[in-house]
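Structure, as structure tokens:
Quick note on labels: first sequence line is chain A, next is B, and so on, each numbered from 1.
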Amino acid sequence: MNNAEVLRIRNDFPILAQQVTGVPLVYLDSGATSQSPSSVLEAEQEFYEQRNAAVHRGAHQLAVEATDAFEDARSAVADFVGVRAEELVWTANATAGLNLLAYSFSNADASAGGGPGSGARFALSAGDEVLVTEMEHHANLIPWQELCRRTGATLRYIPIDDDGALRLEEAQRLITARTRVLAFTHASNVLGILNPVATLVAMAREVGALVVLDACQSAPHLPLDLKALGVDFAVFSGHKMLGPTGIGALYGRRELLDAMPPFLTGGSMITTVTMEEAQYLPAPQRFEAGTQPISQAVAFAAAVRYLEETGMDRIAGWEAELGQRLVSGLGGIEGIRVLGPAAGRPRTGLAAFDVAGVHAHDVGQFLDSRGIAVRVGHHCAQPLHRRLGLTASTRASTYLYNTTDEVDAFLAAVSEVRGYFGVARDEDGAHG
Amino acid sequence: MSALDALYQQIILDHAKLRYGGDLPESQTAAAPLAAGVGQSHQLNPVCGDEITLRVEVQDGAVAAVHWNGDGCAISMASASVLSELAPGLGPKELQAVIESFREVMRSRGKIEADEEVLGDAAALSGVSKYPARVKCAMLSWVAAEDALYQAVTPA
């Protein structure tokens, strides 16, 4: 990709054409939520104008069309990440997917002796361990903290080094016969680092631990083949990949999903119900109680089609270029400390950084006055920030619709921040 | 004056560096038993993780001193600083009224003009009210002061 192609792509995104505070919007917060092309917005509108009905019930024509659209969407999103449609469960977002897993595991009954649906293999108790990493988003940390609290299992974490890389010798030491679940992010939402999935999966396989991958920051940005990666479960969110809010997906290997007890129960997920008990449908319906986000699923499918048509390899290549431009540019500005891999090392298209003497909120406010939208705060990764000696940082995150000119405008604005807040002269000596 | 300059007035940037009252040692921020007439409150802004521990000392029916320990953005630091400069000498009811006046300005989305007679340097923070995402930053120390004041004047 190049800037000329990006400018054509931008024509598909009406929101990006606007001005904020009298200057063109420079949207560098796609790591938090991405913008949608017209084809996604139209898909949702077209669904409501022509097909809207409840799915998987009702014999009328609209119900049939809505069900087809809903299940075609599932196939499209499943294809996009290299899995089978019946292995993809719709969730409200990635957080909901991780909570679904953690609650399903705690609904598993160890005493049921492994009968169908008992999910005995998922049951945790004292002595078992769940392993995460020090760089996790709170969404891939707190559900596991709570699962351990409910079951008596112990939560451990793989530490990072000063550049943000997982310490694999520690991972090797921590992954033991007691490890039942290994949950980690594919790409860090703060560091921009890509974790070595194959290495970690191999370690987990040796001890029979289940592997849960947080693909929120990889599915939107890289070609992703979950089958090839060999993980047991994975989650991602629609709104981070050109789709609407309110929908995400949980992938699980078929045999695992079918053995796992449900979390939310109710309508649409059952076969036979008496006043005393119920039998459940196989996956994915077993995990989709109640009316689902149908139009969102249809729009999510339109989003992955847009990404496929553009080409995930090409998007990843372009974002890698933007990411490097961010890091090398920031590295050349006095008083800036970039978090994560140094310039020239692999990273996704984002960069979080600290500005000496200026709080992230003030950095973000200054950039906003130039029309530049970035994320400030702990980015839902407080333990990671604490490990790096920070409370908060500023993050610029790119997507397929960002140009190098936008990155340059961002860098130019960042270079003015310390001067504006009057710290450039005071602290240059201290921070060298 | 640009919108940004109206938010970050020089007096705010000065207070953000001065940090008047920001001299409470870290070692004294634990919720230890406090002397009579002293109240202390810890407040956290979950959006950015900024924290402040603020102490109000009341003697002879008036605020004698405000001390705090915290770190945060220019708005939150300046806000704690102006508050610490403003509060000493005020009676508990007067300080409560000042806090309420400040809160009213902050929540007004720029519609209520700050009364400099009442708010002193804190009036310079009125620009924050146009930025709803930053109101919490400005309010953090004032919420802490309100809580600490209540404790200081409430018999144990």
Exercise. So with a 6.0 Å cut-off around OH of A:Tyr157, is the heavy-atom count from everything else above 12?
Worked result: no

Problem set entry | Residue B:Leu4 versus chain A: region with a heavy atom under 4.5 Å | both

For this session: Please examine the side chains of A:Phe366 and B:Leu7, heavy atoms only from C-beta on, and report whether any two atoms are closer than 4.5 Å.
Result: no

For this session: Establish, from distance only, whether the side-chain atoms of A:His359 and B:Asp50 form a donor-acceptor pair under 3.5 Å.
Result: yes

Exercise. Does atom CD of B:Gln59 have more than 12 heavy-atom neighbours, drawn from other residues, nucleotides or ligands, at distances under 6.0 Å?
Worked result: no

Exercise. Is the count of non-hydrogen atoms from other residues, nucleotides or ligands lying under 6.0 Å from A:Gln18 atom CD greater than 12?
Worked result: yes

For this session: Can you check whether anything in residues 65-76 of chain B gets within less than 4.5 Å of chain A, heavy-atom wise, and list it by number?
Result: B:Gly72, B:Cys73, B:Ala74, B:Ile75

Problem set entry | Top contributor to chain B interface from A:His385, A:Gln365, A:His378 [non-hydrogen pairs under 4.5 Å] | A:Gln365

Exercise. Is the number of heavy atoms from other residues, nucleotides or ligands under 6.0 Å of A:Arg150 CZ greater than 12?
Worked result: yes

Exercise. In terms of side-chain heavy atoms, does B:Tyr131 have a donor or acceptor partner in A:Asp368 at a distance below 3.5 Å?
Worked result: no

Exercise. side-chain hydrogen bond (donor to acceptor under 3.5 Å, both in side chains) with A:Asn402: which residues, sequence neighbours excluded?
Worked result: A:Glu406

For this session: Using a cut-off of 6.0 Å, state whether more than 12 heavy atoms not belonging to A:Gln145 lie near its atom CD.
Result: yes

Seminar exercise, completed: Residue from A:Val376, A:Asp362, A:Thr391 scoring the most non-hydrogen pairs under 4.5 Å with chain B is A:Asp362

Exercise. With a cut-off of 6.0 Å (strictly less than), are more than 12 heavy atoms of other residues, nucleotides or ligands near CD of B:Glu117?
Worked result: no

